[in-house]
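Only this structure's heavy atoms are used, side chains among them; waters, hydrogens and symmetry mates stay out. All ligand and atom numbering here is 1-based and tracks the order in the structure.
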Amino acid sequence: MSATNCKVRVLAQDTVAPDIRRLTVAWGEQRPEFAPHAGQFFMLRAWGAAETPVLSRPISIHEVRGPEGALVFLYQVKGEGTQKLAALRPGDILSLTGPCGNGFDAAAAAAKGRVAVVGGGIGVAPLLQLCKELAAAGRKPELYVGFRDEPYALEAFLPYCAAISVATDSGAAGYHGLVTGILHPEEFDLVLTCGPNVMMQGVYKLCAEKGVPCLASLERKMACGLGACLGCTCHTKVGPKTVCQDGPVFPAEEVFDLG
Ligand code: FES
């Protein structure tokens with residue numbers, strides 16, 4: 001894995017929903033080994049080394065706009081670090097370390113056949129770039145997304161998806177219930193998912209029942225993001241693995257149980 005450390009300039013900060021922001025930064029032309037892809041993330045820091053929070057914030061890549069263009073992050077404001085990120089304005093400078101992690105292999109996924117992409121809440125963040133890369137590989141996926149209440153950020157997915165199906169806990173839009181209530185894995189050759197653990201566990205269970213392979217992108221608290229501190233280690237069926245370096249994308253059967 002190749003990760004770079006760099007300072008980047010904020011191009012835009014948009015409010016997408018009350019606690020959801022979209023941060024766009026100038027990424028510029030980078031060496032090919034630093035070309036980010038879907039499912040990878042960056043460690044973001046917009047405060048000094050001596051300031052709190054101590055740790056940088058891992059944020060997944062929402063979209064890469066052209067090789068020399070911009071990096072877009074979609075994130076939820078829910079603590080001191082993300083509040084400081086949300087205070088950034090165009091022209092401000094922040095530090096990035098990354099791209100980190102293994103991400104999704106969209107070309108390999110596209111080669112499998114029909115692909116469903118399943119997201120929940122802010123877990124939709126890495127799925128835009130994923131759908132984009134799948135579409136570029138000739139395989140527009142079907143997107144299934146679950147939200148508690150009003151959906152957000154879905155318009156950007158339209159050009160890259162064959163269909164979009166929405167479920168909401170509140171019934172504010174789409175199917176009234178869990179996203180697993182509208183997913184039929186047997187219609188697909190591969191399911192890719194990112195969202196709350198309980199949702200991904202449910203998605204995995206449905207897939208396992210139908211014998212459909214499933215890849216899941218995990219979220220963990222991270223200190224270094226580079227495989228050095230072992231703070232994000234998770235216990236998989238093939239031994240301990242770091243979510244930041246071995247993941248965040250894993251075969252679902254390695255990290256979830258059927259129970
Ligand atoms: Fe340090 Fe993953 S965050 S090893």
Chemist: Look at the side chain of K78 and the backbone N and O of D19, then say whether any donor-acceptor pair between them is shorter than 3.5 Å.
Modeler: no
Chemist: With sequence neighbours left out, which residue pairs that include part of residues 223-237 fulfil the side-chain hydrogen bond (donor to acceptor under 3.5 Å, both in side chains) condition?
Modeler: K237-D257
Chemist: Got a sec: does the CD of E142 have more than 12 other heavy atoms crowding it under 6.0 Å?
Modeler: yes
Chemist: When you measure from the side chain of R139 to the backbone N and O of A136, does any donor-acceptor pair fall under 3.5 Å?
Modeler: no
Chemist: Any heavy-atom pair between the side chains of R65 and T24 that's under 4.5 Å?
Modeler: yes
Chemist: Count, excluding waters, the protein N, O or S atoms that are closer to atom 2 (Fe) of ligand 1 than 2.8 Å.
Modeler: 2
Chemist: Ignoring hydrogens and angles, tell me if any N or O in the side chain of N5 forms a donor-acceptor pair with the backbone of S95 under 3.5 Å.
Modeler: no
